[in-house]
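Working notes, structure below.
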Amino acid sequence: MSLRTRLLNAFRGDRLNREIDEEFQSHIDEAIENGASPAEARKAFGSLLRQREASRDVRLSAHLDSLRADAVFGWRQMMRHKITSAAAILSLALAIGSCTAAFRLIDAILLRPLPVSQPDRIFALNRYAIAPDGQAGSYDSFAYPDFQQMRAAVKGSAELLAVSYTEPADITFKSDAEMEKAKLQYVSGWMFGTFGLRPAAGRLFTERDDEKPGGHPYAVISWDYWSRRFGRDPKVIGQKFRMGNTLYEVCGVGPEPFTGTDRGTVTDVFVPTMMHPGATKDDWTWFRILARLQPGVAIEPVRARLDAASRAFEERRAQGFSGMSRTELARILDQTLMVEPENAAASGLQHEYRPALQVLGILVALVLLIACANVADLMTAQAASRAREMALRVSIGAGRARLLQLVLVESAMVALLAAVIGTLFAWWAAPFVVSRINPPDNPARLLLQFDWRVMAFGLALTLLVALLFGLIPALRASAVKPASALKGGDDPHSRRRLMHSLVALQVAFCFVVLFVAGLFVTTLDRLSRRPIGFSTERLLTLDTAVQRPQPAVLWDQVADHLRALPGVQSVAISNWALLGGGGWNGYVSINGAPPSAVLAFFLGISPNWLDTMKIELVAGRDFRPEDTFPGAAIVNETFVKQFLPGQSPLGKTFAKGDERSVIVGVVRDSPYAVLRYPISPVAYVPMHNLAKDGSLRPIGGGTFIVRTRSENPITLAGMLRRGIPAARPEFRVSTIRTQAEIVEAQTVRERLLAMLGLFFALVALLLASVGLYGVLDYSVLQRRREIGIRMAIGARAAGIVRLVTTQVFVMIIAGAIGGLGLGLFSARYIKTLLYDVAPTDSVLLAAPLAVILTAAAVAAIPAVLRAVRVDPAKMLRSE
Amino acid sequence: MPKPDSLQGSLDLLVLKILSRRPGLHGYAIMAAVKDVSGDVLRMEEGSLYPALHRMEEAGWITAKWVVKETGRRARLYELTQTGHKQLEAEEQRWQTVTSAINLVLRTV
């Protein structure tokens, strides 16, 4: 018989028993036939049962057999306590599902290795420096000329790749009316080859596709985009699309698993880095650098050479900075370049979401622990009613290990059932959460795979959970003392003590989850109520591209044309929309003094922009058409506070480099690039820029800001999109967004945290309440006799209620105090995720406590009612 | 677990040997054969025989089949497999080595 038949026999134990018995019987019959008396024959054979056990153990896998028996028994137990089991399974399923869903998100964004050959040899470059405000910071974006020098410096030992951040772009395959959004990434032409990737169709880029600035209008599309947009039509190769003012030709399709280098984000279209307008600029940092080390090359020498090359580049560039003090220059140049494993380096989505996901991971783990404590409670309560059964098992010879196994098998069954339901939940929940991260029209897609990594995680989690909640009851069950248990005198208090300490633990964790969720909700609330200084109502922004820079007058003509369209109230132009992510900054010097240590931000605007945005002018005047930069500037209040404290700003002069401007107006503060950052000093300058020779510089790109008359401004998008090229055919709209949508996109992370935090808080509260209910109910059930006696000798209802609840509420308070400590401790680590919220705020600390106490009071009602309704006469008679 | 008895170590050998000469015996017949052939000197106990049979069946040395006897009762008959024959040779070899070694000791000392 093979192992297979032994395993099989474990599941047909009855048949095996019959077979063995029959063989023995035929032996005895044979003996009788041969002259032995029946009694003699039986006696000779010995204990039939023991013989059977001996043979049976040989013929089947004994361990498996006992497991099977335990599973059958466990199933019967579960069916007998349907409601308790369902509560245990469902609460655990919710927790396991949340954990698995959180793991899917974390895995997709932070952990999963890139689908390229030898991903462990891919590194990312990061620069560490001290920012002007004294904070240590890291920067992972580089300028292209810098990149070229670094690449040459490590030729032979490492290959460097420039990869831009994946960004949404508007592209058109046919007419402009059918503009669509796609996720675009600029990549080095040699990236595909370095990664060892092969095309699914057509060809991929090579080094030769990335040599001349603006000279390679080719695109590789991702497999995902090919399937989604083109139904895997091979005829896509050779198709052309327009992006901005350039016509690109699709030359190939990437391999299926490769979705770009931003983990988690699905890139649709790859174009060579040379097609980026910043490819030749030494002051435009717009991509990050990946390095692939050759086999056998040590990291440190490569890092040193890269660091030296980058430093040399920055020093050369700094020679162009005039009027800066030596220490200022030294500070700017004091950067250290680091080479870090690619999946550990913070970038893009990761940088934005790493701390958030870590916190969510911890919250979800706490919820899981609460659920485990819950199930442990329920199982302990159940075990109480089974003490006699366990004692009986011990008395007829069951070993400690066998009892452990029995209880653990039951736990595993509960955990497995919960895991199945939880997995289904995670299947649905993870994509749902992702859909909430993205604004509806933003086609960002997160690649969520449901594969062996998730399965393995789920399985490991299930086993861990089964051990967590099963081990304590199992150990207690196996430690049963038959003599005392069979007499019915097992110490009932020890079990209650265990359940009470579990309650304290649950309350502590629940407090932390509620507290952190409260912090996130408050953050979102404060952030979305933050005064922004302008009105987003009925405001549309039209990012507009031109093939080559156009004279400023033509931009004004287009604006005039838009003004004449129906439904348009007012139109202005700026470099980009406020909070749209664009940035232009520099050090300013006041009245010829050395440049400041604080960065000022700049934004080019047209006359009437302040009116269109509804930004309040505090002093001075708006720009006039004849104002230019350098020449005139309007600054915000923070600028005045920072650089001209206590002075009257109007008429004062400041310089950026050698360009001087006179302050003609002061406006209210508005956030510039990031909503959650403190307000920076901002100088608004005219869109009309003067070149050195005194002529007006042509403008290469800008954003039309349109205040419409329509409540739903996006309905005018089509008309405006057509209106711009109709006015001047060289102009083309690349992106249309409402200003409200831009502001909302700034709080995506906060909304995600608040939403999930609230959800986890609800689950935690629900689970803790169920647990509390179970514990109280159990303790009343157990103390019925005592309560009956007390009532018989005259105890009042209030006294009974106190008797039943005091201990538990003491545990709740103890747990809450523990949770308070934990919460305050953890708050220090999530500071970066908060906005304008002090974790020591007494309201924020009191609220979770109030919620928990209320929930506890509600959960206690059924048990208290049961206690008060105990009928002493009936109770005493029944015993 | 098979318990130790007087025939420990040689039980497998005896069963295999008997089955190699007379294939198709049931448990009782094997027991009786050992008793007969050894002239009532060797006695096998049921409590050792059946676990041993089942263990050897498990190891693939012998196979069993149910037959219906003329009395109408079913009996489980055992016979040697190919592996069983090899095992028998090995066991016999081992037995010879051990007994001759013991004899050598008895004679010399």
Side-chain angles (χ1 to χ4, degrees), chain A residues 1-66 397 399 401-402, chain B residues 1-6 8 11-12 15 19 22 24-36 40 42-84 87:
Chain A
M1 252 179 284
S2 61
L3 181 68
R4 197 181 66 85
T5 56
R6 280 174 63 179
L7 290 178
L8 226 59
N9 277 341
F11 292 97
R12 42 180 200 214
D14 286 345
R15 210 184 108 194
L16 192 63
N17 277 349
R18 273 201 310 279
E19 243 183 44
I20 294 174
D21 284 349
E22 193 179 353
E23 187 173 11
F24 290 172
Q25 191 55 52
S26 96
H27 178 103
I28 291 168
D29 291 342
E30 201 76 34
I32 295 169
E33 252 169 56
N34 282 290
S37 77
E40 206 180 316
R42 286 236 162 71
K43 198 169 151 232
F45 208 91
S47 159
L48 267 179
L49 254 179
R50 212 163 81 195
Q51 305 288 5
R52 184 166 93 190
E53 281 296 300
S55 282
R56 196 180 145 87
D57 283 353
V58 171
R59 290 184 53 180
L60 53 72
S61 164
H63 195 66
L64 197 70
D65 181 52
S66 69
R402 194 68 183 68
Chain B
M1 286 293 118
K3 276 183 292 299
D5 59 45
S6 56
Q8 193 188 15
L11 185 101
D12 288 5
V15 171
L19 283 179
R22 295 148 69 176
L25 291 184
H26 49 69
Y28 182 84
I30 295 172
M31 216 171 77
V34 171
K35 194 173 157 210
D36 282 355
D40 269 4
L42 296 178
R43 225 187 103 68
M44 211 172 255
E45 299 197 353
E46 288 88 338
S48 319
L49 173 65
Y50 281 99
L53 279 174
H54 292 148
R55 182 167 40 74
M56 286 192 274
E57 190 183 352
E58 194 59 48
W61 301 343
I62 56 179
T63 57
K65 60 169 191 272
W66 285 101
V67 295
V68 179
K69 298 202 301 180
E70 58 273 32
T71 54
R73 265 200 309 276
R74 295 213 305 160
R76 206 156 188 260
L77 305 186
Y78 294 90
E79 58 187 62
L80 244 58
T81 63
Q82 207 59 35
T83 345
Q87 182 64 27

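Note that these values count all heavy atoms, side chains included, but never hydrogens, waters or copies made by symmetry. Below, chain A is the first sequence line, B the second, and so on; all start at residue 1.
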Item checked: Separation between CD of Glu30(A) and CE of Met31(B), rounded to the nearest 0.5 Å -> 10.5 Å
Notebook entry, point to check: For Glu33(A), is it the side chain, the backbone, both, or neither that has a heavy atom closer than 4.5 Å to a heavy atom of chain B?
Noted result: side chain
Next item on the list: Indicate the atoms forming the closest heavy-atom contact of Ser26(A) with Arg74(B), along with that distance.
Entry: CB-O, 3.4 Å
Next item on the list: Kindly give the heavy-atom pair with the smallest separation between Tyr50(B) and His27(A), and that separation in Å.
Entry: OH-ND1, 2.7 Å
Note to self: Within the 4.5 Å heavy-atom criterion, are Glu46(B) and Phe24(A) side-chain neighbours or not?
What the structure shows: no
Notebook entry, point to check: Atom CZ in Arg76(B), atom CD in Glu22(A): separation rounded to 0.5 Å?
Noted result: 10.0 Å
